[in-house]
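Whatever order the structure lists them in is the order used to number ligands and atoms, beginning at 1.
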Amino acid sequence: MILALNHKSHFTKEEILKYVEDYKKFDSKGHTMIVCPSSCYLPYFEDIVLGCQDVSSYPFGSYTGSISAEAMYSLGVKYSIIHHSEREKCFKESLSESKKKLEQAIKAGLIPILCVGDTKEEHDQGKTLESIKEQLSFFLEGQSYDSLLIAYEPIYAIGTGDVPENKEIEEVLSMIKEHYPYPVLYGGSVNEENVLLLKQIKGLDGFLLGGISLDLKALQTLCDRL
Ligand code: PGA
(Lines give C-alpha, C1' and ligand atoms only; values in the text may rest on other atoms or scores of the structure.)
Protein backbone atom coordinates (compact mmCIF):
# COMPACT_ATOMS: atom_id res chain seq x y z
CA MET A 1 0.00 0.00 0.00
CA ILE A 2 0.96 3.64 -0.42
CA LEU A 3 0.98 5.70 2.77
CA ALA A 4 1.34 9.46 2.31
CA LEU A 5 2.03 11.35 5.53
CA ASN A 6 0.72 14.90 5.59
CA HIS A 7 2.33 16.78 8.49
CA LYS A 8 0.44 19.98 7.61
CA SER A 9 1.96 22.93 9.56
CA HIS A 10 3.00 20.95 12.62
CA PHE A 11 6.35 20.66 14.41
CA THR A 12 9.10 23.00 15.55
CA LYS A 13 12.68 22.49 14.38
CA GLU A 14 13.51 20.50 17.53
CA GLU A 15 10.44 18.31 17.12
CA ILE A 16 11.08 17.57 13.46
CA LEU A 17 14.72 16.68 14.13
CA LYS A 18 13.53 14.15 16.71
CA TYR A 19 10.98 12.85 14.21
CA VAL A 20 13.71 12.44 11.58
CA GLU A 21 15.79 10.42 14.05
CA ASP A 22 12.85 8.27 15.17
CA TYR A 23 11.75 7.75 11.58
CA LYS A 24 15.06 6.01 10.85
CA LYS A 25 13.83 3.18 13.10
CA PHE A 26 10.38 3.07 11.54
CA ASP A 27 9.48 -0.26 9.92
CA SER A 28 7.32 0.42 6.90
CA LYS A 29 6.58 -3.32 6.54
CA GLY A 30 7.15 -3.01 2.81
CA HIS A 31 4.58 -0.27 2.28
CA THR A 32 5.51 2.77 0.17
CA MET A 33 5.87 5.74 2.50
CA ILE A 34 5.76 9.33 1.24
CA VAL A 35 6.63 11.89 3.91
CA CYS A 36 5.23 15.39 3.36
CA PRO A 37 6.61 17.68 6.07
CA SER A 38 6.47 21.48 6.16
CA SER A 39 8.55 22.66 3.20
CA CYS A 40 11.23 24.26 5.38
CA TYR A 41 11.98 20.85 6.92
CA LEU A 42 12.31 18.90 3.66
CA PRO A 43 16.14 19.04 3.64
CA TYR A 44 16.28 17.38 7.08
CA PHE A 45 15.05 14.11 5.56
CA GLU A 46 17.53 11.95 3.67
CA ASP A 47 17.11 8.76 1.69
CA ILE A 48 13.34 8.67 1.96
CA VAL A 49 10.56 9.42 -0.49
CA LEU A 50 9.44 13.00 0.02
CA GLY A 51 6.37 14.93 -0.94
CA CYS A 52 5.53 18.60 -0.54
CA GLN A 53 2.13 19.84 0.60
CA ASP A 54 1.79 22.55 -2.02
CA VAL A 55 3.58 24.20 -4.92
CA SER A 56 3.32 27.63 -6.47
CA SER A 57 0.93 28.11 -9.36
CA TYR A 58 3.79 30.01 -11.02
CA PRO A 59 7.13 28.78 -12.34
CA PHE A 60 10.53 30.17 -11.24
CA GLY A 61 10.46 33.94 -11.05
CA SER A 62 9.42 37.03 -9.14
CA TYR A 63 6.62 35.57 -7.00
CA THR A 64 7.47 36.51 -3.42
CA GLY A 65 6.62 33.90 -0.83
CA SER A 66 5.84 31.03 -3.20
CA ILE A 67 7.90 27.89 -3.68
CA SER A 68 8.03 26.70 -7.28
CA ALA A 69 7.56 23.09 -8.27
CA GLU A 70 11.00 23.23 -9.92
CA ALA A 71 12.55 24.24 -6.58
CA MET A 72 10.82 21.33 -4.85
CA TYR A 73 12.00 18.92 -7.53
CA SER A 74 15.57 20.19 -7.20
CA LEU A 75 15.44 19.37 -3.46
CA GLY A 76 14.74 15.74 -4.34
CA VAL A 77 10.99 15.94 -3.69
CA LYS A 78 9.07 13.34 -5.69
CA TYR A 79 5.39 14.03 -4.97
CA SER A 80 3.20 17.06 -4.35
CA ILE A 81 -0.18 17.19 -2.67
CA ILE A 82 -2.47 19.27 -4.87
CA HIS A 83 -5.87 20.75 -4.01
CA HIS A 84 -6.02 19.61 -0.40
CA SER A 85 -9.33 20.90 0.97
CA GLU A 86 -7.50 23.02 3.57
CA ARG A 87 -6.04 25.03 0.70
CA GLU A 88 -9.57 25.89 -0.30
CA LYS A 89 -10.94 26.32 3.22
CA CYS A 90 -8.11 28.34 4.77
CA PHE A 91 -6.53 30.04 1.76
CA LYS A 92 -9.56 30.40 -0.52
CA GLU A 93 -7.68 28.58 -3.26
CA SER A 94 -9.89 28.21 -6.31
CA LEU A 95 -10.17 25.17 -8.53
CA SER A 96 -8.43 27.00 -11.38
CA GLU A 97 -5.56 27.99 -9.08
CA SER A 98 -5.20 24.34 -8.05
CA LYS A 99 -5.24 23.30 -11.69
CA LYS A 100 -2.33 25.65 -12.41
CA LYS A 101 -0.49 24.05 -9.51
CA LEU A 102 -1.20 20.61 -10.92
CA GLU A 103 0.23 21.69 -14.26
CA GLN A 104 3.31 23.23 -12.64
CA ALA A 105 3.91 20.06 -10.63
CA ILE A 106 3.67 17.85 -13.70
CA LYS A 107 5.90 20.14 -15.74
CA ALA A 108 8.58 20.07 -13.03
CA GLY A 109 8.52 16.26 -12.83
CA LEU A 110 6.64 15.92 -9.54
CA ILE A 111 3.95 13.29 -9.13
CA PRO A 112 0.74 14.98 -7.99
CA ILE A 113 -1.34 13.57 -5.17
CA LEU A 114 -4.57 15.14 -6.36
CA CYS A 115 -7.15 15.48 -3.57
CA VAL A 116 -10.85 15.47 -4.26
CA GLY A 117 -13.66 15.36 -1.74
CA ASP A 118 -17.34 15.91 -1.13
CA THR A 119 -18.89 18.17 1.50
CA LYS A 120 -21.21 16.84 4.20
CA GLU A 121 -24.08 18.51 2.41
CA GLU A 122 -23.27 16.79 -0.89
CA HIS A 123 -22.90 13.51 0.96
CA ASP A 124 -26.25 13.85 2.72
CA GLN A 125 -27.98 14.78 -0.52
CA GLY A 126 -26.56 11.73 -2.31
CA LYS A 127 -24.40 13.91 -4.56
CA THR A 128 -21.01 12.45 -3.67
CA LEU A 129 -20.34 10.68 -6.96
CA GLU A 130 -21.50 13.66 -8.99
CA SER A 131 -19.25 16.02 -7.06
CA ILE A 132 -16.15 13.84 -7.32
CA LYS A 133 -16.76 13.18 -11.00
CA GLU A 134 -17.04 16.91 -11.67
CA GLN A 135 -13.84 17.75 -9.80
CA LEU A 136 -11.88 15.02 -11.52
CA SER A 137 -13.04 15.94 -14.97
CA PHE A 138 -12.14 19.58 -14.28
CA PHE A 139 -8.59 18.53 -13.43
CA LEU A 140 -8.01 15.57 -15.69
CA GLU A 141 -10.32 15.65 -18.72
CA GLY A 142 -8.39 15.21 -21.94
CA GLN A 143 -5.13 14.65 -20.08
CA SER A 144 -3.15 11.51 -19.67
CA TYR A 145 -0.35 11.55 -17.13
CA ASP A 146 2.35 8.93 -16.64
CA SER A 147 2.13 9.15 -12.88
CA LEU A 148 -0.52 10.60 -10.64
CA LEU A 149 -2.23 9.57 -7.43
CA ILE A 150 -5.79 10.48 -6.58
CA ALA A 151 -6.74 10.92 -2.93
CA TYR A 152 -10.43 10.70 -2.09
CA GLU A 153 -10.83 12.81 1.05
CA PRO A 154 -14.38 13.60 2.13
CA ILE A 155 -14.07 17.15 3.46
CA TYR A 156 -16.21 16.39 6.51
CA ALA A 157 -13.98 13.42 7.41
CA ILE A 158 -10.74 15.38 7.73
CA GLY A 159 -9.72 15.60 11.37
CA THR A 160 -13.24 14.89 12.61
CA GLY A 161 -13.49 11.12 13.09
CA ASP A 162 -16.58 11.16 10.85
CA VAL A 163 -15.51 8.45 8.40
CA PRO A 164 -17.93 7.23 5.72
CA GLU A 165 -18.84 3.57 5.53
CA ASN A 166 -16.61 1.27 3.51
CA LYS A 167 -19.44 0.72 1.04
CA GLU A 168 -19.61 4.45 0.29
CA ILE A 169 -15.86 4.74 -0.19
CA GLU A 170 -15.90 1.68 -2.44
CA GLU A 171 -18.52 3.29 -4.65
CA VAL A 172 -16.37 6.38 -5.10
CA LEU A 173 -13.31 4.27 -5.77
CA SER A 174 -14.95 2.14 -8.38
CA MET A 175 -16.36 5.20 -10.15
CA ILE A 176 -12.88 6.78 -10.22
CA LYS A 177 -11.24 3.60 -11.44
CA GLU A 178 -13.80 3.20 -14.19
CA HIS A 179 -12.66 6.53 -15.66
CA TYR A 180 -9.02 6.97 -14.64
CA PRO A 181 -6.02 4.63 -14.61
CA TYR A 182 -4.43 6.05 -11.44
CA PRO A 183 -3.97 4.58 -7.95
CA VAL A 184 -6.51 5.87 -5.43
CA LEU A 185 -5.90 6.64 -1.75
CA TYR A 186 -8.46 7.31 0.95
CA GLY A 187 -7.88 10.11 3.47
CA GLY A 188 -9.82 11.51 6.40
CA SER A 189 -9.47 10.49 10.07
CA VAL A 190 -7.65 7.23 9.39
CA ASN A 191 -6.10 5.89 12.58
CA GLU A 192 -4.59 2.71 13.99
CA GLU A 193 -8.03 1.50 15.13
CA ASN A 194 -10.26 2.10 12.10
CA VAL A 195 -7.56 0.97 9.66
CA LEU A 196 -8.56 -2.63 10.43
CA LEU A 197 -11.94 -1.91 8.86
CA LEU A 198 -10.77 0.54 6.19
CA LYS A 199 -8.14 -1.82 4.81
CA GLN A 200 -10.96 -4.09 3.69
CA ILE A 201 -12.09 -1.54 1.08
CA LYS A 202 -11.89 -3.16 -2.32
CA GLY A 203 -9.63 -1.49 -4.87
CA LEU A 204 -7.92 0.78 -2.36
CA ASP A 205 -4.23 1.55 -3.07
CA GLY A 206 -3.36 3.35 0.14
CA PHE A 207 -4.08 6.15 2.59
CA LEU A 208 -3.38 9.86 2.98
CA LEU A 209 -2.72 10.29 6.68
CA GLY A 210 -2.89 13.57 8.60
CA GLY A 211 -3.09 13.52 12.41
CA ILE A 212 -1.69 10.02 12.87
CA SER A 213 1.38 10.82 10.78
CA LEU A 214 2.60 13.06 13.63
CA ASP A 215 2.77 10.17 16.09
CA LEU A 216 5.24 7.54 14.93
CA LYS A 217 4.20 5.04 17.59
CA ALA A 218 0.57 5.07 16.48
CA LEU A 219 1.69 5.12 12.84
CA GLN A 220 3.81 2.02 13.45
CA THR A 221 0.78 0.23 14.87
CA LEU A 222 -1.24 1.25 11.80
CA CYS A 223 1.49 -0.05 9.50
CA ASP A 224 1.76 -3.31 11.42
CA ARG A 225 -1.98 -3.81 11.00
CA LEU A 226 -2.09 -3.27 7.24
P1 PGA B 1 -6.58 13.53 9.06
O2 PGA B 1 -6.10 14.40 7.80
O3 PGA B 1 -5.99 12.16 8.88
O4 PGA B 1 -6.02 14.25 10.24
O5 PGA B 1 -8.05 13.50 9.03
C6 PGA B 1 -6.05 13.86 6.53
C7 PGA B 1 -5.69 14.91 5.54
O8 PGA B 1 -6.02 16.09 5.77
O9 PGA B 1 -5.05 14.64 4.53
Here the atoms of ligand 1 under 4.0 Å from any heavy atom belonging to Leu208 are 9 (O)
Looking at Lys8, which atoms of ligand 1 are within less than 4.0 Å of one of its heavy atoms?
2 (O), 7 (C), 8 (O)
Quick one: which ligand 1 atoms are inside 4.0 Å of a heavy atom on Gly211?
1 (P), 3 (O), 4 (O)
Contacting atoms of ligand 1, where contact means under 4.0 angstrom from a heavy atom of Gly188:
5 (O)
Between Ser213 and Tyr19, which heavy-atom pair has the shortest distance, and what is it?
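It is O-OH, 2.6 Å.
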With distance as the sole test, does Lys78 use its side chain to make a donor-acceptor pair with the main-chain N or O of Ile111 at under 3.5 Å?
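Judged by distance alone, no pair lies under 3.5 Å.
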Please determine whether a side-chain nitrogen of the Lys or Arg among Asp47 and Lys24 lies less than 4.0 Å from a carboxylate oxygen of the Asp or Glu.
no
Gly159 to ligand 1, any heavy atom closer than 4.0 Å:
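True for this residue.
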I need the nearest protein heavy-atom contact for atom 3 (O) of ligand 1: residue, atom name and distance, please.
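Of every protein heavy atom, Gly210 N, 2.9 Å lies nearest to atom 3 (O) of ligand 1.
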Taking the basic N atoms (NZ, or NE/NH1/NH2) and the acidic carboxylate oxygens, is any pair closer than 4.0 Å for Arg87 and Glu93?
yes
Can you confirm if the NZ or CZ of Lys13 lies within 45° of the ring axis of Tyr41 and under 6.0 Å from the centre of its six-membered ring?
no
Ionic contact status for Lys127 with Asp118, cut-off 4.0 Å
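Here Asp118 does not pair with Lys127 in a salt bridge, since their nearest N and O are not under 4.0 Å apart.
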Per-residue contact class, Ile158 against ligand 1 - non-hydrogen pairs under 4.0 Å:
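For Ile158, backbone and side-chain atoms both sit under 4.0 Å from ligand 1.
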So, does Asp22 use its side chain to make a donor-acceptor pair with the main chain of Leu216 at under 3.5 Å?
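It does not hold such a pair.
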Atoms of ligand 1 close to Asn6 [distance to a heavy atom under 4.0 angstrom, numbered from 1]:
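Reading through ligand 1 atom by atom, the close ones are 9 (O).
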For atom 9 (O) of ligand 1, what's the nearest protein heavy atom and its distance?
Glu153 OE2, 2.7 Å
Contacting atoms of ligand 1, where contact means under 4.0 angstrom from a heavy atom of His84:
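Near His84, the atoms of ligand 1 are 7 (C), 8 (O), 9 (O).
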